[in-house]
Amino acid sequence: MYRVALVDDHTLLSEAIAGLVRQFDNFEVVYIGLNGKEFVDYLNSDQAVKPDIVLMDVKMPVMGGVETTTHLSKHHPDIKVLALSIEEEESVVLQMIRAGAKGYLLKDTRKAILEQALNEVLTHGFYYTNTVEKLVKRNEASHEDEVTLKERELEFIKHACTEMTYKEIAEVMFLSPKTIEGYRESVFQKLGLKNRTGLVIYAIKNKIFVP
C-alpha cells in the first residue's frame, strides 16, 4: 500500500480528498494536517508514519507549500510532493516545481486524473499535465530526439531554473543582456517551448537541473 499525506488548511476539503484517495487501489491516507509546520513536526515525532507522497496545498498559514516542499526536498527527499491548489498563475507553479514538487494539479481536477497523477509520480517520478501542460504549450516529443544543446546553453538553462532575472543571469555569465536574450530565444526554439515554466520542467525531466 502506498501511504499518502494531505497538507491543506481547508479541513473539509482535505477530508473529502482523503475520502477519494481511500477509494483508490493500493492507497491509504496516513496523515492530514493544516499546514507545513504541522506536517514537519509530525515527521519529526516518534509516532510518525512516513508517507510515500504528500498532496500539498500552496497557500497556507504558518508554513506554506513552497517552503514545506523545499524542506522536504532537503530533509526527506524520498517523500514525493504533488501540489494540489487553486493557484494557477505561472509564477506559483514555477515556484513549486523549483522547490521540488513532482506534479501540479488544480483542486477541481477529476477523480480519475488525481488517481493517475498519484500513480505516475510514484512510479515514474513526475506528472506534468493539465494546468502545467497548458502553461507549457509545447510539443516536447517532436523535439527531444533531435535537440543538441551547447555548453553555454546548458549553463543558461541551469541559471534560468533559479529565481534570477535574465539581467542577473547575464551578469553571472559575464554576457550582455542582448546575448542572454539570444540564448533564451535559441533554447526556446530548439526545445519547442513557450515560457520559462516549460524550460524548468524540461530541465528537471532531463536532469539538467535538480531542485
Please say yes or no: joined through hydrophobic side-chain contacts below 4.5 Å, possibly via intermediate residues, are Val49 and Leu43 part of one cluster? yes

Test of understanding: with side-chain contact (heavy atoms from CB on, under 4.5 Å), list the residues that count as partners of Ser45, not counting sequence neighbours. Tyr42, Gln47, Ala48

May I ask you to test the Glu87-Tyr104 pair for a side-chain heavy-atom distance under 4.5 Å? yes

Give me each pair satisfying side-chain hydrogen bond (donor to acceptor under 3.5 Å, both in side chains) with a member in residues 114-124, each pair once, sequence neighbours excluded. none

Check salt bridge (charged side-chain N to carboxylate O under 4.0 Å, His left out) between Lys37 and all other residues, then give those that pass, not counting sequence neighbours. Asp41

Tell me the ring-ring contact (aromatic ring centres under 6.0 Å, His included) pairs involving residues 168-189, sequence neighbours left out? none

Quick one: which residue pairs count as a salt bridge (Lys or Arg N to Asp or Glu O under 4.0 Å) with a foot in residues 160-171, not counting sequence neighbours? Arg98-Glu163

Residue pairs passing the salt bridge (Lys or Arg N to Asp or Glu O under 4.0 Å) test where at least one lies in residues 1-12, sequence neighbours excluded: Arg3-Asp52, Asp8-Lys107

Just distance, no hydrogens or angles: give the donor-acceptor pairs under 3.5 Å from side chains in residues 62-73, sequence neighbours left out.
from, atom 1, to, atom 2, distance (Å)
Thr68, OG1, Gly64, O, 2.6
Thr69, OG1, Gly65, O, 2.7
Thr70, OG1, Val66, O, 2.8
Ser73, OG, Thr69, O, 2.9
Ser73, OG, Ala99, O, 2.7

Residues at least two apart in sequence or cross-chain that pass side-chain contact (heavy atoms from CB on, under 4.5 Å) with Leu34, listed by chain then number, are Thr11, Glu38

Just by distance, do the side chain of Asn195 and the backbone of Thr197 share a donor-acceptor pair under 3.5 Å? yes

Would you list the pairs meeting side-chain hydrogen bond (donor to acceptor under 3.5 Å, both in side chains) in which at least one residue belongs to residues 16-36, sequence neighbours left out? Gln23-Lys111

Between Leu55 and Leu118, is there a side-chain heavy-atom distance shorter than 4.5 Å? yes

Sorted by first residue and then second, give each salt bridge (Lys or Arg N to Asp or Glu O under 4.0 Å) pair with at least one member in residues 176-186; sequence neighbours left out. Glu181-Arg184

Output all residues satisfying side-chain contact (heavy atoms from CB on, under 4.5 Å) with Ser186, sequence neighbours left out; order by chain, then residue number. Glu153, Lys190

Residues two or more places apart in sequence or in another chain: which of them pass side-chain contact (heavy atoms from CB on, under 4.5 Å) with Asp108? Leu106

Do the non-hydrogen side-chain atoms of Tyr202 and Ile208 ever get within less than 4.5 Å of each other? yes

Any Lys/Arg nitrogen of Glu155 or Lys158 sitting under 4.0 Å from an Asp/Glu carboxylate oxygen of the other? no

